[in-house]
Amino acid sequence: MSLTLNQVAPHVGSLFVIHTHAGMIKLMLEDARELPRRAHHEQFRTPLSLLFAGPETPQLAQDTYTFDHPVLGRQLWALTPVMVGSPQALTQLQLRYEVLFA
């Protein structure tokens with residue numbers, strides 16, 4: 001499935017279940033946005049970023065995980081821990097993760 005912004009944007013604020021070595025973890029989709037194309041040739045997709053918030057523990061490493069969502073189904077995505085804004089901007093000690101489609 002080649003995910004588009006139109007497909008995922010309605011699900012901002014919803015939960016995804018991530019299958020990890022520590023068990024199933026719920027991450028909330030906080031933001032979905034297209035990124036500037038910059039030097040991408042028109043034949044390639046517009047880069048898409050999905051930003052997720054998760055609990056303080058366990059901290060997930062950069063890896064490929066299975067994501068389950070009631071509407072989008074099961075997906076295999078590469079997840080990367082990211083820092084968004086300042087540490088003071090983090091609420092309830094949530095960690096942030098990004099899935100990037102380029």
Side-chain angles (χ1 to χ4, degrees):
M1 171 183 196
S2 181
L3 194 68
T4 67
L5 181 60
N6 289 340
Q7 291 171 307
V8 74
H11 305 292
V12 170
S14 69
L15 293 175
F16 287 70
V17 175
I18 314 306
H19 300 264
T20 74
H21 296 294
M24 292 189 283
I25 309 289
K26 291 182 180 178
L27 298 182
M28 184 186 70
L29 180 61
E30 281 194 327
D31 189 35
R33 69 178 62 187
E34 289 183 335
L35 301 175
R37 291 188 63 82
R38 297 198 176 119
H40 280 83
H41 191 274
E42 289 180 18
Q43 74 186 37
F44 298 112
R45 68 171 294 145
T46 300
L48 175 65
S49 169
L50 305 181
L51 184 66
F52 291 90
E56 180 180 9
T57 58
Q59 294 183 9
L60 301 177
Q62 179 173 329
D63 204 346
T64 301
Y65 297 93
T66 300
F67 285 66
D68 282 327
H69 186 268
V71 176
L72 298 173
R74 180 165 279 187
Q75 308 292 328
L76 190 62
W77 291 337
L79 184 78
T80 303
V82 295
M83 174 64 99
V84 178
S86 67
Q88 294 80 15
L90 298 178
T91 59
Q92 301 172 352
L93 298 176
Q94 292 179 328
L95 299 176
R96 301 305 194 270
Y97 301 97
E98 183 178 37
V99 173
L100 183 62
F101 302 89

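Considering every non-hydrogen atom in both K26 and L15, the closest pair reads CD-CD1, 4.0 Å. Here the closest heavy-atom approach between residue A32 and residue L5 is recorded as O-CD1, 3.5 Å.
For the side chain to side chain donor-acceptor pair (under 3.5 Å) test, no residue two or more places apart in sequence or in another chain qualifies with T20. Listed by chain and residue number, Q62, Y97 satisfy the side-chain contact (heavy atoms from CB on, under 4.5 Å) test with P81 (two or more places apart in sequence, or in another chain). For D31, the side-chain contact (heavy atoms from CB on, under 4.5 Å) test picks out R33, L51, with sequence neighbours left out. S14 is linked by a side-chain contact (heavy atoms from CB on, under 4.5 Å) to H11, F16, H69, counting only residues two or more places apart in sequence or in another chain. By the side-chain contact (heavy atoms from CB on, under 4.5 Å) test, A78 pairs with T64, sequence neighbours left out. For E98, the side chain to side chain donor-acceptor pair (under 3.5 Å) criterion is met by S49, not counting sequence neighbours.
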Intermediate values then yes/no, side-chain contact (heavy atoms from CB on, under 4.5 Å), L100 and T80: CA-CA 9 Å; L100 183 62; T80 303; over 6 Å; no

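Residues V17 make up the rest of the hydrophobic cluster containing M24, defined by ILVMFWY side-chain heavy atoms closer than 4.5 Å, directly or through other members.
Residues in residues 64-82 take part in these salt bridge (Lys or Arg N to Asp or Glu O under 4.0 Å) pairs, two or more places apart or across chains: D68-R74.
The side chain to side chain contact (heavy atoms under 4.5 Å, CB included) test with I18 singles out one residue from F67, F52, W77, and that residue is F67.
Counting non-hydrogen atoms of neighbouring residues, nucleotides and ligands closer than 6.0 angstrom, the CD atom of Q59 reaches no more than 12 such neighbours.
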